[in-house]
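My questions all concern the structure below.
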Amino acid sequence: KAIEYFIDLDYSVVRIGDKYSDKFDFVNNKFIDLTKNKSLSHYNQAYTMQNSEFFFGNVTPGVYMSRLFGKKFALTNCPQEDLIYNGFSNNYGNYAIFKDIFNVEQKRIISISELLKNNELLFMRRFDKKKFFLIDNTPGEILDLCKNFVKSNFQNIQEKNELLNEFNLLRKKTLDIYLSKKDNNNYLLLKQNYYSKISLPKKYLEERLYPNDVLIEKSKQIVKKLGI
């Protein structure tokens with residue numbers, strides 16, 4: 001859906017990666033998959049990024065390349081830890097959405113406000129799937145991210161998003177708590193990204209910032225689907 005959206009806006013979409021990238025079946029004259037190119041190299045990927053408008057995708061080496069060339073980016077399926085780092089972004093023109101965390105024992109999705117208060121879960125790298133597991137963003141959520149990103153950066157349409165201010169306040173309070181403990185293993189990264197900034201779509205925050213009926217319904221659907 002996201003690629004079709006960009007193509008409908010007359011963008012050409014170039015996929016970067018390497019020969020080990022997952023197979024992706026999509027055919028369109030405005031879509032080029034460099035991972036299938038026999039002359040694939042770091043150089044031609046860097047050249048592509050240098051001449052691109054922006055980066056769209058998951059947190060992969062491509063996003064670090066976009067930062068190198070000063071390109072804006074829209075990130076999907078970000079790890080929960082990046083909530084506190086704001087996706088290592090310093091521009092509200094950049095957008096991101098994050099993977100959900102499902103608590104198996106409680107049979108529900110953890111809200112962002114709850115996650116920020118949970119030091120162990122926020123910085124967890126390996127999940128015991130009997131206790132927690134990650135949920136990828138849906139195609140609809142990714143499409144909404146893309147629309148917000150394009151409207152803000154290329155159509156001069158700014159969405160009023162008071163929940164983003166609330167998220168930033170919660171994040172700063174959390175950072176102050178973590179930075180008060182200098183023995184924190186993540187102290188330097190937290191300090192470096194204290195003033196980082198990124199945009200999260202209004203709808204995304206409405207559904208996830210605090211516990212709410214939407215999260216309850218999503219949780220019920222997961223419980224039913226997985227037979228938990």
* To do: Please examine the side chains of Phe154 and Leu9, heavy atoms only from C-beta on, and report whether any two atoms are closer than 4.5 Å.
  => no
* Structure fact -> When every non-hydrogen atom of Leu200 is compared with those of Leu164, the smallest separation belongs to N-CD1, 3.8 Å
* Phe6 vs Phe54 aromatic rings, parallel, tilted or perpendicular, using cut-offs 30° and 60°? -> tilted
* Asked: Hey, are the side chains of Glu206 and Val214 touching, using non-hydrogen atoms and a 4.5 Å cut-off?
  -> no
* Asked: Going through the distances and angles, do Phe24 and Ile3 end up as a side chain to side chain contact (heavy atoms under 4.5 Å, CB included)?
  -> CA-CA 12 Å; Phe24 185 68; Ile3 293 176; 3.5 Å; yes
* Any side-chain heavy atom of Leu170 within less than 4.5 Å of one from Leu209? -> yes
* To do: Answer yes if Leu179 and Leu116 sit in the same cluster of Ile, Leu, Val, Met, Phe, Trp and Tyr residues linked by side chain heavy atoms under 4.5 Å apart, and no otherwise.
  => yes
* Does the pair Phe133 and Ile222 meet the rule for a side chain to side chain contact (heavy atoms under 4.5 Å, CB included), with working shown? -> CA-CA 11 Å; Phe133 59 83; Ile222 293 169; 4.0 Å; yes
* Asked: Do other residues, nucleotides or ligands put more than 12 heavy atoms under 6.0 Å from the CG atom of Asp128?
  -> yes
* What are the two closest non-hydrogen atoms of Glu207 and Leu215, and how far apart are they? -> O-CG, 3.0 Å
* Please answer whether the main-chain N or O of Tyr95 pairs with a side-chain N or O of Ser199 as donor and acceptor at a distance below 3.5 Å. => no
* Side-chain donor or acceptor of Asn77 paired with backbone N/O of Asn137 under 3.5 Å -> yes
* To do: Nearest 0.5 Å please: distance from the CG atom of Leu75 over to the CZ atom of Phe55.
  => 6.5 Å
* Counting only N and O atoms by type, is there a donor-acceptor contact under 3.5 Å from the side chain of Gln80 to the main-chain atoms of Leu134? -> no
* How many angstroms lie between CD in Glu81 and CG in Leu115, if you round to the nearest 0.5 Å? -> 10.5 Å
* Connected via hydrophobic side-chain network under 4.5 Å: Tyr43 and Leu68 -> no
* To do: State, with a plain yes or no, whether a side-chain heavy atom of Arg15 is found less than 4.5 Å away from one of Lys36.
  => no
* Asked: Can you tell if the side chain of Pro79 reaches within under 4.5 Å of the side chain of Val59, non-hydrogen atoms only?
  -> yes
* Carefully, step by step, assess Ile110 and Asn118 under the rule side chain to side chain contact (heavy atoms under 4.5 Å, CB included). => CA-CA 10 Å; Ile110 307 296; Asn118 191 324; over 6 Å; no
* **Linked, directly or transitively: Leu188 and Leu175 (ILVMFWY side chains, under 4.5 Å)** => yes
* Okay, side chain of Glu105, backbone of Lys131: is any donor-acceptor separation there less than 3.5 Å? -> no
* Asked: Linking I/L/V/M/F/W/Y whenever their side-chain heavy atoms sit closer than 4.5 Å, directly or via other members, would Leu226 and Val223 fall into one cluster?
  -> yes
* Answer yes or no: does atom CG of Asn51 have more than 12 heavy-atom neighbours from other residues, nucleotides or ligands under 6.0 Å? => yes
* **Over 12 non-hydrogen atoms of neighbours within 6.0 angstrom of CD in Glu162** => no
* Nearest-0.5 Å distance that lies between atom CD1 in Ile32 and atom CG in Asn29 -> 10.0 Å
* So if you build clusters from Ile, Leu, Val, Met, Phe, Trp, Tyr with side-chain heavy-atom gaps below 4.5 Å, do Ile216 and Ile109 land together? -> no
Pair up each side-chain donor or acceptor in residues 145-153 with any protein partner under 3.5 Å, not counting sequence neighbours, and list the distances.
residue : atom : partner : partner atom : Å
Asn148  : ND2  : Asp144  : O            : 2.7
Asn148  : ND2  : Asp144  : OD1          : 3.4
Asn148  : ND2  : Asp144  : OD2          : 3.4
Ser152  : OG   : Gln158  : OE1          : 3.4
Asn153  : OD1  : Lys72   : NZ           : 2.9
Asn153  : ND2  : Gly93   : O            : 2.8
Asn153  : ND2  : Phe149  : O            : 3.0

* Asked: Is any side-chain heavy atom of Tyr204 closer than 4.5 Å to a side-chain heavy atom of Leu163?
  -> no
* Would you say the side-chain atoms of Asp33 and Thr35 include a donor-acceptor pair closer than 3.5 Å? -> yes
* Asked: So how far is it from Phe98 CZ to Asp136 CG, rounded to the nearest 0.5 Å?
  -> 14.0 Å
* What residue pairs, at least two apart or across chains, pass ring-ring contact (aromatic ring centres under 6.0 Å, His included) with a residue in residues 60-89? -> Tyr85-Phe88
* Take Lys107 and Ile228, measure what side chain to side chain contact (heavy atoms under 4.5 Å, CB included) needs, and give me the verdict at the end. => CA-CA 8 Å; Lys107 296 184 179 182; Ile228 298 174; 4.2 Å; yes
* **Closest approach of Asn94 to Lys71 (non-hydrogen atoms, all atoms of both residues)** => OD1-O, 4.5 Å
* Kindly indicate whether the side chain of Leu190, heavy atoms from C-beta on, has any atom under 4.5 Å from the side chain of Phe123. => yes
* Hey, could you give me the CG/OG distance between Leu205 and Ser111, rounded to the nearest 0.5 Å? => 11.5 Å
* Report the distance from atom CD of Glu166 to atom CG of Asn161, rounding to the nearest 0.5 Å. => 9.5 Å
* Grab the two heavy atoms, one from Met49 and one from Ile16, that are nearest each other, plus how far apart they are. => CE-CD1, 3.9 Å
* **Closest heavy-atom pair and its distance - Thr138, Glu141** => N-OE1, 2.9 Å
* Taking only residues at least two apart or on different chains, which pairs with a member in residues 167-181 satisfy side-chain hydrogen bond (donor to acceptor under 3.5 Å, both in side chains)? -> Tyr92-Asn168, Arg171-Ser196, Asp176-Tyr194
* Asked: Under a 4.5 Å cut-off applied to non-hydrogen side-chain atoms, are Val13 and Tyr5 in contact?
  -> no
